[in-house]
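Side-chain atoms are counted along with the backbone in the values below, which use heavy atoms only and exclude waters and symmetry mates. Keep in mind that this is a model prediction, so the values were computed, not measured.
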Amino acid sequence: MSDRTWPYAALVAHRGGGVMAPENTLAGFREGVRYGYRAAECDVKLSADNVCFLLHDDTLDRTSDARGPAAGKTMAELACVDAGGWRGAAFAGEALPTLHQVAAWCRAQDMLLNIEIKPCPGRDEETGRRVAHEAARLWQGATIAPLLSSFSDSALRAAQAAEPQLPRAFLVETIPADWQRLLREMDCIALHCDHETLTRELAADIKAAGYQLLCYTVNSVERARELRSWGVDSVCTDRLDLLQPGKLD
Ligand code: G3P
Ligand code: MG
């Protein structure tokens, strides 16, 4: 069984900096530091030429000035995309960062990272394997490794096979009945779930089984406090302005 220590913070900034800046950009991560956050989550997939980069959706439409699926574009093409202008003129020209750029920034700032492996359609195993290798390389020698998570169990199993020493979390919307078997098989340290599907009883079961628990996306102080009282270790939030580090408990 892997070491189930949980060094990550009680508050995790969703998609870099939540809604304070364009998602999955370095501008977002900078907002995290400004609000005193010590941990962030981001979504990582592969470009056509196998570079790990940050993007949530399958397509570029919602969060950039480009259109169409991201999967067919090389990193050189993706690097030209404006991933900030859609969020406001102040962010115009913000780049789609590579995992390499984010790792350098996080390590320099002592920001802990939860890398959500978010494969382009049909590339689950390859993405899990490549993201794990890249994360291991980029965080080599770091005191606290990045936490790998995914909704895709095939991506997470590929990450496990590639770099078994990196901590993993299984990510779900609704907690499946066989959660304990899945966590055991993938040697995960944590379960990440939609907070709306969690009950006090399930939280108690998961904690009693020795796993860590993270809930997304929690955007009110009251709900964050309630979840923490149930034993939830971390909440992932968009509202860095409302959920302030040190003022949750
Ligand atoms: O990892 C937690 C959360 O990011 C999962 O949902 O759709 O925002 O990636 P999503
Ligand atoms: Mg995510």
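Leu242 is not listed as a side-chain neighbour of Asn219, based on a closest heavy-atom distance of 4.5 Å or more. Taking the side chain as every heavy atom from C-beta outward, Leu156 and Cys188 approach each other to under 4.5 Å. Pro176 places a side-chain heavy atom less than 4.5 Å from the side chain of Leu182. Taking the side chain as every heavy atom from C-beta outward, Glu126 and Leu46 approach each other to under 4.5 Å. Residues Arg228 and Val218 have side chains not in contact (no heavy-atom distance under 4.5 Å, counting atoms from C-beta outward). Between Thr25 and Phe91, the closest side-chain pair of non-hydrogen atoms is not below 4.5 Å. Between Leu243 and Val221 the shortest side-chain heavy-atom distance falls below 4.5 Å. When side chains are defined from C-beta on, Val19 counts as touching Arg239, because their heavy atoms get closer than 4.5 Å.
Of all the heavy atoms in Thr127 and Val44, the pair that sits closest is CG2-O, 4.3 Å. Nearest heavy-atom pair across Gln109 and Arg38 is O-NH2, 3.3 Å. Here the closest non-hydrogen pair linking Ser64 and Val81 is CB-CG1, 3.2 Å. Between Leu166 and Ala145 the shortest heavy-atom distance is CD2-CB, 4.0 Å. Summarising the geometry of Met111 relative to Ala39, their closest heavy-atom pair is SD-N, 3.3 Å, with the distance given to 0.1 Å. The nearest pair of heavy atoms linking Ile115 to Leu99 is CD1-CD1, 4.0 Å.
Within a 6.0 Å sphere centred on NE2 of His133, other residues, nucleotides and ligands contribute more than 12 heavy atoms.
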side-chain contact (heavy atoms from CB on, under 4.5 Å) assessment of His195 paired with Val235
CA-CA 9 Å; His195 76 97; Val235 296; over 6 Å; no

Begin from the C-alpha positions of Leu55 and Leu78 and carry the test side-chain contact (heavy atoms from CB on, under 4.5 Å) through to its verdict.
CA-CA 10 Å; Leu55 184 72; Leu78 292 165; 5.9 Å; no

After noting the C-alpha distance and the side-chain angles of Lys73 and Leu60, does the key distance pass the side-chain contact (heavy atoms from CB on, under 4.5 Å) rule?
CA-CA 10 Å; Lys73 301 218 185 298; Leu60 293 156; 3.5 Å; yes

query = Taking it one step at a time, do Asp49 and Ser47 satisfy side-chain hydrogen bond (donor to acceptor under 3.5 Å, both in side chains)?
reply = CA-CA 5 Å; Asp49 53 342; Ser47 65; 2.6 Å; yes

Can you check side-chain contact (heavy atoms from CB on, under 4.5 Å) on Ile175 and Leu198, steps first, answer last? CA-CA 8 Å; Ile175 298 170; Leu198 187 69; 3.6 Å; yes

Stepwise, does the salt bridge (Lys or Arg N to Asp or Glu O under 4.0 Å) test hold for Glu222 with Arg225?
-> CA-CA 5 Å; Glu222 294 70 28; Arg225 286 206 172 113; 5.6 Å; no

Inset, instruction - Give the intermediate values and the outcome of side-chain hydrogen bond (donor to acceptor under 3.5 Å, both in side chains) for residues Asn114 and Ser149. - result: CA-CA 7 Å; Asn114 169 202; Ser149 63; 3.1 Å; yes

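The ring pair (Phe, Tyr, Trp, His ring centres under 6.0 Å) test applied to Tyr216 returns no partner, not counting sequence neighbours. Here Trp6 pairs with Tyr8 under the ring pair (Phe, Tyr, Trp, His ring centres under 6.0 Å) rule; sequence neighbours left out. Glu173 meets the salt bridge (charged side-chain N to carboxylate O under 4.0 Å, His left out) test with no other residue; sequence neighbours excluded. Residues forming a ring pair (Phe, Tyr, Trp, His ring centres under 6.0 Å) with Trp105 (at least two apart in sequence, or on another chain): Phe29.
Transitive grouping of hydrophobic side chains (ILVMFWY, heavy atoms separated by less than 4.5 Å) keeps Phe53 and Val131 in distinct clusters. No continuous path of hydrophobic side-chain contacts links Met186 to Leu171 [ILVMFWY only; heavy atoms under 4.5 Å]. Both Trp179 and Val172 belong to a common hydrophobic cluster when Ile, Leu, Val, Met, Phe, Trp and Tyr are linked at side-chain heavy-atom distances under 4.5 angstrom. By the rule that hydrophobic residues join a cluster once side-chain heavy atoms approach within less than 4.5 Å of another member, Val51 and Leu138 end up as members of separate clusters.
Distance check: Asp153 CG to Gln160 CD gives 10.5 Å after rounding to the nearest 0.5 Å. In this structure, Leu112 CG and Leu147 CG are separated by 10.0 Å, a value rounded to the nearest 0.5 Å. For the atom pair SG of Cys42 and NE2 of His14, the computed distance is 10.5 Å after rounding to the nearest 0.5 Å. The OG1 atom of Thr63 sits 12.0 Å away from atom CD of Glu94, with the distance rounded to the nearest 0.5 Å. In this structure, CG on Leu11 lies 9.5 Å from CD on Gln244, to the nearest 0.5 angstrom. Leu202 CG to Cys193 SG: the interatomic distance, rounded to the nearest 0.5 Å, is 8.0 Å.
For the pair Arg129 and Glu125, the salt-bridge criterion is not met [side-chain N within less than 4.0 Å of a carboxylate O].
Proximity of a side-chain donor or acceptor of Arg168 to a complementary backbone N or O of Leu148 within less than 3.5 Å is not detected. In this structure, the side chain of Arg123 does not engage the main chain of Ala71 through any donor-acceptor pair within 3.5 Å. Between the Thr237 side chain and the Leu240 main chain, no donor and acceptor come within less than 3.5 Å of each other. Asp65 places a side-chain N or O within 3.5 Å of a backbone atom of Asp82 that can act as its donor or acceptor partner.
Exactly one residue among Arg15, Lys45, Glu116, Glu23 makes a side-chain hydrogen bond (donor to acceptor under 3.5 Å, both in side chains) with His56. That residue is Arg15. The side chain to side chain contact (heavy atoms under 4.5 Å, CB included) with Tyr211 is formed by just one residue from the set Ile189, Leu183, Leu191; it is Leu183. Screening Val12, Thr197, Val232 for a side chain to side chain contact (heavy atoms under 4.5 Å, CB included) with Cys215, the sole residue that qualifies is Val232.
Evaluation of the salt bridge (charged side-chain N to carboxylate O under 4.0 Å, His left out) test over residues 193-221, restricted to residues two or more places apart or in two chains, returns Lys207-Asp233. Note on residues 135-147: pairs passing side-chain hydrogen bond (donor to acceptor under 3.5 Å, both in side chains), not counting sequence neighbours, are Glu134-Arg137.
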